[in-house]
Amino acid sequence: MLEELGRRQAGYQGEVALDYYLRLLPIDKYMILHDLNLPDGDYNCQIDTLLLTPEFALIVEVKNMAGKLIFDTENEQFTQINNDKEKGYPDPIAQAERHKQYIQKLMAGHKFPQVPVDYLVVISNNYSSYVVTGKNAFKVKPRVCKADAFTNKIQFFEKMYTNPLLTAKDLRKLGRLLVKMNTIPTSYILNKYGIKKEDIITGVFCPNCNQHAPLIRKKQKWYCPSCDIFSKAAHLNAIKDYFLLIDSKITNREFRDFVNLKSHDAAKRLLLSANLNYSGLKKVRVYYPKTFPW
């Protein structure tokens with residue numbers, strides 16, 4: 001988990017680094033969508049950045065990795081050599097091709113004009129180097145660059161695709177559709193690591209000392225026996241944990257089980273005070289965040 005956290009933090013920093021160059025794109029031509037998680041059967045199609053223009057759609061995959069990066073187009077392999085250690089990773093080119101097919105299928109399914117969909121892999125680490133090898137290197141080389149060459153690569157695609165097929169109305173409609181389809185991946189985390197729901201330690205934990213002993217509900221507040229303090233809002237972190245780990249919605253019963261609370265009415269008051277949306281009546285009512293991150 002810590003290794004994955006490190007990769008995700010590096011990936012996030014890489015996307016932040018690319019933002020410097022994205023801001024140079026004309027806002028009247030480019031629609032920029034970040035961190036898309038689109039449903040694809042039992043899986044998610046995760047796209048770092050998607051650029052939409054009247055002439056083309058561009059999938060941008062960002063790699064913030066150190067050392068020497070090798071794109072082997074013949075064997076569809078991606079390798080990192082850093083500090084004399086060699087490590088293989090999923091091939092971003094093959095991944096971008098899958099994402100390309102997904103966007104093409106989605107646009108066709110919703111009757112949008114079929115603009116060309118292409119991709120670009122951007123290496124955001126200024127100190128890394130890369131090489132593209134294999135029989136398909138001629139095809140892949142124009143679609144890989146360092147971050148400081150990003151604007152030049154955009155010009156490469158602008159010269160390749162010059163026929164405007166999407167109107168301004170089409171772009172707004174497509175953008176709204178993608179945002180509406182965007183989902184925050186949650187429960188797959190437990191499945192990925194083989195963790196059962198019942199293995200998660202329940203209860204509300206102290207925001208001050210963060211001890212593993214759950215807080216006690218006392219005088220309509222949360223009491224920590226360890227540091228002898230009361231908290232009114234400690235349950236908010238527990239709700240956030242539930243949304244991140246288990247599900248994007250929660251019932252009164254599920255909330256009570258998760259925070260070790262017996263009173264239905266007390267649980268209802270706490271959920272209503274958490275500024276959540278809800279739907280349904282009585283036992284079938286579910287609560288969910290208005291936006292996420294919440």
Side-chain angles (χ1 to χ4, degrees), residues 1-5 8-9 12 34-46 176-294:
M1 290 182 182
L2 291 175
E3 286 180 4
E4 177 161 346
L5 176 61
R8 290 192 182 205
Q9 287 174 332
Y12 173 74
H34 292 289
D35 299 317
L36 287 173
N37 294 277
L38 306 173
D40 187 12
D42 294 331
Y43 302 92
N44 273 5
C45 173
Q46 296 179 289
R176 286 195 298 268
L177 172 66
L178 291 168
V179 170
K180 184 177 180 181
M181 291 177 63
N182 186 54
T183 57
I184 302 299
T186 50
S187 59
Y188 83 94
I189 294 174
L190 301 185
N191 295 332
K192 181 174 182 178
Y193 293 106
I195 299 172
K196 296 179 181 178
K197 182 179 175 181
E198 53 267 27
D199 291 336
I200 296 175
I201 301 172
T202 58
V204 175
F205 300 109
C206 179
N208 183 54
C209 66
N210 201 28
Q211 296 294 314
H212 289 296
L215 301 189
I216 301 168
R217 191 69 181 164
K218 193 175 181 180
K219 298 179 182 179
Q220 296 187 337
K221 296 179 182 177
W222 299 102
Y223 173 68
C224 177
S226 178
C227 56
D228 191 33
I229 67 165
F230 286 89
S231 172
K232 286 185 177 181
H235 61 283
L236 295 179
N237 281 336
I239 297 175
K240 185 186 295 184
D241 286 343
Y242 189 93
F243 289 151
L244 287 168
L245 291 170
I246 297 172
D247 201 350
S248 56
K249 60 186 183 300
I250 190 170
T251 66
N252 186 295
R253 163 62 70 182
E254 290 167 340
F255 175 64
R256 280 181 282 146
D257 290 343
F258 196 68
V259 301
N260 302 335
L261 192 63
K262 293 182 179 180
S263 171
H264 178 280
D265 291 338
K268 181 179 179 181
R269 286 195 300 271
L270 291 172
L271 287 167
L272 290 174
S273 70
N275 196 28
L276 297 168
N277 281 344
Y278 61 84
S279 61
L281 299 172
K282 297 183 178 180
K283 290 184 178 181
V284 296
R285 174 172 289 183
V286 295
Y287 300 82
Y288 52 94
K290 294 179 180 178
T291 60
F292 209 91
W294 172 63

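All of these numbers come straight from a predicted model, not from anything done at the bench. The figures that follow rest on heavy atoms only: side chains count, while hydrogens, waters and symmetry mates do not.
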Can you see which heavy atom on [X] is nearest to which on [Y], and at what distance?
X    : Y    : answer
P214 : G203 : CB-CA, 3.9 Å
R8   : E4   : NH2-OE2, 2.7 Å
C45  : D40  : N-CB, 4.2 Å
I239 : A274 : CD1-CB, 4.0 Å
N44  : P39  : OD1-CA, 4.0 Å

Side chain of R285, backbone of S279: donor and acceptor closer than 3.5 Å?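 No; judged by distance alone, with no hydrogens or angles, the pair does not exist.
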
*Where the side chain of N37 meets the backbone of N182, is there a donor-acceptor pair that is under 3.5 Å apart?*
no

Checklist entry - So V259 and L270, side-chain contact (heavy atoms from CB on, under 4.5 Å) or not? Walk me through it. => result CA-CA 11 Å; V259 301; L270 291 172; 5.9 Å; no

More than 12 heavy atoms of other residues, nucleotides or ligands under 6.0 Å from [atom1] of [X]: is that the case?
X    : atom1 : result
L5   : CG    : yes
Y278 : OH    : no
F230 : CZ    : yes

Could you tell me the separation between the [atom1] atom of [X] and the [atom2] atom of [Y], rounded to the nearest 0.5 Å?
X    : Y    : atom1 : atom2 : value
L276 : F243 : CG    : CZ    : 5.0 Å
K262 : R217 : NZ    : CZ    : 14.5 Å
N252 : K268 : CG    : NZ    : 8.5 Å
I250 : R256 : CD1   : CZ    : 11.0 Å
I229 : Y223 : CD1   : OH    : 10.0 Å
Q46  : T183 : CD    : OG1   : 9.0 Å

Discussion item. Run C227 and C206 through side-chain contact (heavy atoms from CB on, under 4.5 Å) and show every step you take.
Written reply: CA-CA 9 Å; C227 56; C206 179; 3.6 Å; yes

Report task. May I ask you to say whether R253 pairs ionically with D257, meaning some side-chain N is under 4.0 Å from a carboxylate O? Result -> yes

Checking Y288, F258, Y287 against Y242 for ring-ring contact (aromatic ring centres under 6.0 Å, His included), the one that qualifies is F258

Note to self: When you compare the side chain of I200 with that of I246, does any pair of heavy atoms fall below 4.5 Å?
What the structure shows: yes

Report task. In sequence, state the C-alpha distance, the side-chain angles, and the governing distance for K232 and S273, and then conclude on side-chain contact (heavy atoms from CB on, under 4.5 Å). Result -> CA-CA 11 Å; K232 286 185 177 181; S273 70; over 6 Å; no

* List the steps and the verdict of side-chain contact (heavy atoms from CB on, under 4.5 Å) for I195 and L245. => CA-CA 10 Å; I195 299 172; L245 291 170; over 6 Å; no

